[in-house]
Chemist: 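My structure is below; once you've seen it, I'll send some questions.
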Amino acid sequence: MSTVTVDEFIKSFYMKDGYYHTTALELLGEDDINEENFSKAVLSMLDDDEVMFTYDDSNSDNSEAMLFYKNNNRLIYEYIFKENEKFDFNLSYITWTYPDFIDLTFKELNIFVSKLKEYIFDNNIPLEIKMNKTQKRVLENPRSDDEYPELNDKQVKRIKILANFGISIFIALILFLSVLVGYLMNNLNYTLIGFSSGLIIMGIYYAIGIKLKWRHVYCMLQKSNRHKMTPNDINWHSISKIDLIGFPITFLILGLIIGVAAFLI
């Protein structure tokens with residue numbers, strides 16, 4: 001298939017009965033250059049922070065459509081399908097799609113959803129927004145911009161190192177000191193009591209970190225949930241209450257169990 005120009009893609013969009021329609025997908029094919037020109041065409045059509053809903057004319061029943069959003073010369077482009085008279089738009093996998101695939105920050109997600117809801121209402125778009133529990137908590141509880149100052153790259157790296165290895169280093173240090181004390185005192189109970197005390201201190205430390213909202217503790221919780229660590233994009237409502245309570249309590253309970261075992265031996 002030949003290369004389609006930006007202007008040709010722009011001309012593939014038109015208005016019908018108050019809604020945008022396009023034949024762009026019939027032009028796209030599998031050419032990477034066409035994909036690039038298509039994204040550039042959409043960007044040129046939108047103002048910053050503008051949303052656009054467009055029916056895909058490759059389906060005559062208007063059952064498929066595209067949703068676009070432009071911000072700071074970046075583009076969100078999602079293909080959506082109609083179910084039960086409405087289009088479903090799931091936020092769970094939302095990313096910037098052009099010029100690079102990048103996750104939205106919590107702030108960007110909040111702005112996008114706000115603009116999208118406004119657009120749906122103003123233009124009577126048959127679209128329903130769906131989201132996971134984490135996104136719902138974050139959108140209901142946006143953080144203040146001045147709550148966390150922006151970190152530079154070196155500071156971000158230190159936070160990630162601390163989050164990645166903090167628990168392991170802490171436990172290794174506690175274990176070393178406990179074994180050393182037990183060896184010097186020639187008594188296994190001292191080793192168990194020392195290790196128990198260390199775990200309890202860890203639990204208290206992480207409880208304080210959650211209470212005071214320390215960045216590295218937030219990143220530890222992200223890591224424990226196998227989420228990407230974001231030291232410059234923090235919203236504690238993205239962490240479930242079970243994790244906020246369970247993380248420090250796990251160390252406290254383990255410490256108490258080992259402590260009781262030490263006195264029973």
Side-chain angles (χ1 to χ4, degrees), residues 1-132 134-136 138-140 142 233:
M1 180 178 285
S2 60
T3 299
V4 183
T5 67
V6 171
D7 286 339
E8 287 173 323
F9 274 122
I10 291 174
K11 290 176 182 177
S12 73
F13 288 80
Y14 65 96
M15 291 291 290
K16 179 182 176 181
D17 298 328
Y19 295 101
Y20 274 106
H21 288 251
T22 187
T23 58
L25 291 193
E26 297 174 6
L27 303 174
L28 268 174
E30 297 181 0
D31 194 323
D32 289 341
I33 296 177
N34 283 346
E35 191 76 36
E36 175 94 3
N37 286 344
F38 172 68
S39 297
K40 288 180 178 179
V42 175
L43 282 175
S44 69
M45 294 171 61
L46 298 175
D47 293 328
D48 204 44
D49 268 346
E50 184 179 1
V51 177
M52 183 171 71
F53 172 88
T54 306
Y55 284 105
D56 173 21
D57 277 1
S58 60
N59 294 277
S60 58
D61 59 356
N62 287 340
S63 62
E64 299 176 19
M66 289 171 280
L67 188 67
F68 306 99
Y69 171 66
K70 175 183 177 181
N71 176 272
N72 197 25
N73 217 32
R74 296 171 299 172
L75 184 68
I76 290 174
Y77 160 34
E78 292 289 328
Y79 201 81
I80 52 179
F81 301 89
K82 182 183 283 187
E83 292 184 13
N84 301 322
E85 302 304 317
K86 279 194 174 185
F87 286 90
D88 281 342
F89 178 54
N90 196 324
L91 289 174
S92 297
Y93 309 105
I94 190 71
T95 64
W96 295 108
T97 51
Y98 182 83
D100 299 300
F101 284 91
I102 302 173
D103 292 333
L104 278 72
T105 65
F106 293 129
K107 182 179 179 180
E108 289 169 345
L109 178 65
N110 195 286
I111 293 172
F112 168 61
V113 173
S114 176
K115 294 288 183 181
L116 179 57
K117 287 180 177 179
E118 182 181 331
Y119 179 82
I120 292 170
F121 179 80
D122 291 344
N123 296 277
N124 194 29
I125 304 297
L127 188 148
E128 183 178 358
I129 302 173
K130 294 184 178 181
M131 64 189 76
N132 58 41
T134 297
Q135 290 171 324
K136 187 174 181 180
V138 168
L139 291 171
E140 290 174 348
D233 186 27

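Here the structure is a predicted model, which means the values were calculated and not measured. When reading the values below, keep in mind they use all heavy atoms of this one structure, side chains included, and skip hydrogens, waters and symmetry mates.
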Chemist: Rounded to the nearest 0.5 Å, how far does CZ of Phe53 lie from CD1 of Ile120?
Modeler: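 Nearest 0.5 Å value for the CD1-CZ distance: 9.0 Å.
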Chemist: Between His21 and Asn62, does the side-chain contact (heavy atoms from CB on, under 4.5 Å) criterion hold? Intermediate values first, please.
Modeler: CA-CA 9 Å; His21 288 251; Asn62 287 340; 3.6 Å; yes
Chemist: Below 30° counts as parallel, above 60° as perpendicular, anything between as tilted: where do the rings of Phe13 and Tyr20 land?
Modeler: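 Judged by the thresholds at 30° and 60°, the geometry between Phe13 and Tyr20 is perpendicular.
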Chemist: If every non-hydrogen atom of Ile10 is compared with every non-hydrogen atom of Ala41, which pair is closest and at what distance?
Modeler: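 The answer is CG1-CB, 3.7 Å.
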Chemist: For Asp48, is the CG atom crowded, meaning more than 12 foreign heavy atoms sit under 6.0 Å from it?
Modeler: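 More than 12 heavy atoms, drawn from other residues, nucleotides or ligands, come within 6.0 Å of this atom.
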Chemist: Listed by chain and number, what are the ring pair (Phe, Tyr, Trp, His ring centres under 6.0 Å) partners of Phe106, not counting sequence neighbours?
Modeler: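 Result, ring pair (Phe, Tyr, Trp, His ring centres under 6.0 Å) vs Phe106: none returned.
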Chemist: What residues, two or more places apart in sequence or in another chain, satisfy ring pair (Phe, Tyr, Trp, His ring centres under 6.0 Å) together with Tyr79?
Modeler: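 With sequence neighbours excluded, Tyr79 shows a ring pair (Phe, Tyr, Trp, His ring centres under 6.0 Å) to Phe81, given in chain and number order.
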Chemist: Looking at residues at least two apart in the chain, or sitting in another chain, which of them share a side chain to side chain contact (heavy atoms under 4.5 Å, CB included) with Phe101?
Modeler: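 Only Thr95, Thr97 meet the side chain to side chain contact (heavy atoms under 4.5 Å, CB included) criterion with Phe101.
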Chemist: A side-chain contact here means heavy atoms from C-beta on lying under 4.5 Å apart; do Asn34 and Leu27 qualify?
Modeler: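 Asn34 vs Leu27: side chains apart.
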Chemist: Could you work out, with ring pair (Phe, Tyr, Trp, His ring centres under 6.0 Å) as the rule, every residue matching Tyr98, not counting sequence neighbours?
Modeler: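 In terms of ring pair (Phe, Tyr, Trp, His ring centres under 6.0 Å), with neighbours along the sequence ignored, Tyr98 is linked to no residue.
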Chemist: Of all residues at least two apart in sequence or in a different chain, which pass the side-chain hydrogen bond (donor to acceptor under 3.5 Å, both in side chains) check with Tyr19?
Modeler: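 side-chain hydrogen bond (donor to acceptor under 3.5 Å, both in side chains) list for Tyr19, sorted by chain: empty.
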Chemist: Return the set of residues passing ring pair (Phe, Tyr, Trp, His ring centres under 6.0 Å) with Tyr77 (not counting sequence neighbours), or none when no residue passes.
Modeler: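 Result, ring pair (Phe, Tyr, Trp, His ring centres under 6.0 Å) vs Tyr77: Phe38, Phe68.
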Chemist: Can you list every salt bridge (charged side-chain N to carboxylate O under 4.0 Å, His left out) pair that touches residues 60-73, not counting sequence neighbours?
Modeler: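 Sorted result for residues 60-73: empty, none.
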Chemist: Can you name the residues that form a side-chain hydrogen bond (donor to acceptor under 3.5 Å, both in side chains) with Asp49, not counting sequence neighbours?
Modeler: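 By the side-chain hydrogen bond (donor to acceptor under 3.5 Å, both in side chains) rule, Asp49 matches Tyr69, Asn71.
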Chemist: Give the table of side-chain donor-acceptor pairs shorter than 3.5 Å for residues 123-132, with sequence neighbours excluded, one pair per line with atom names and distance.
Modeler:
{"residue": "Asn123", "atom": "ND2", "partner": "Tyr119", "partner atom": "O", "Å": "2.9"}
{"residue": "Lys130", "atom": "NZ", "partner": "Asp88", "partner atom": "OD2", "Å": "3.3"}
{"residue": "Asn132", "atom": "OD1", "partner": "Thr134", "partner atom": "N", "Å": "3.2"}
{"residue": "Asn132", "atom": "OD1", "partner": "Gln135", "partner atom": "N", "Å": "2.7"}

Chemist: Within a reach of under 6.0 Å around CG of Asn72, are more than 12 heavy atoms found that belong to other residues, nucleotides or ligands?
Modeler: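 Yes, enclosed.
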Chemist: Will you find, in the side chains of Asp7 and Thr5, an N or O donor that is under 3.5 Å from an N or O acceptor?
Modeler: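 No - no donor-acceptor pair under 3.5 Å links their side chains.
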Chemist: With a 4.5 Å cut-off on side-chain heavy atoms, are Leu104 and Ile94 touching?
Modeler: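 In contact.
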Chemist: Nearest 0.5 Å, please: how far is CD1 in Ile80 from OG1 in Thr54?
Modeler: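 Between atom OG1 of Thr54 and atom CD1 of Ile80 there are 9.5 Å.
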Chemist: Atom CG of Asp56 and atom CG of Leu25: how far apart are they, to the nearest 0.5 Å?
Modeler: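 Reported value, rounded in 0.5 Å steps: 4.5 Å.
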Chemist: Considering only distance and modelled atom types, tabulate donor-acceptor pairs under 3.5 Å from the side chains of residues 108-116, sequence neighbours left out.
Modeler:
{"residue": "Glu108", "atom": "OE1", "partner": "Trp96", "partner atom": "NE1", "Å": "3.1"}
{"residue": "Glu108", "atom": "OE1", "partner": "Thr105", "partner atom": "N", "Å": "3.0"}
{"residue": "Glu108", "atom": "OE2", "partner": "Arg74", "partner atom": "NH1", "Å": "3.0"}
{"residue": "Glu108", "atom": "OE2", "partner": "Arg74", "partner atom": "NH2", "Å": "3.1"}

Chemist: Could you grab the distance from atom NZ of Lys40 to atom CG of Leu75, nearest 0.5 Å is fine?
Modeler: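 Those atoms lie 13.0 Å apart.
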Chemist: Using side-chain hydrogen bond (donor to acceptor under 3.5 Å, both in side chains) as the criterion, list what pairs up with Thr23, not counting sequence neighbours.
Modeler: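 Expected list: none.
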Chemist: Which residue pairs pass the salt bridge (charged side-chain N to carboxylate O under 4.0 Å, His left out) test when at least one of the two sits in residues 94-106, sequence neighbours left out?
Modeler: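 Sorted pair list comes back empty.
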Chemist: Looking at Ser12, is its backbone amide N or carbonyl O close enough to the side chain of Thr22 to form a donor-acceptor pair, meaning the two atoms are under 3.5 Å apart?
Modeler: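 A pair under 3.5 Å: yes.
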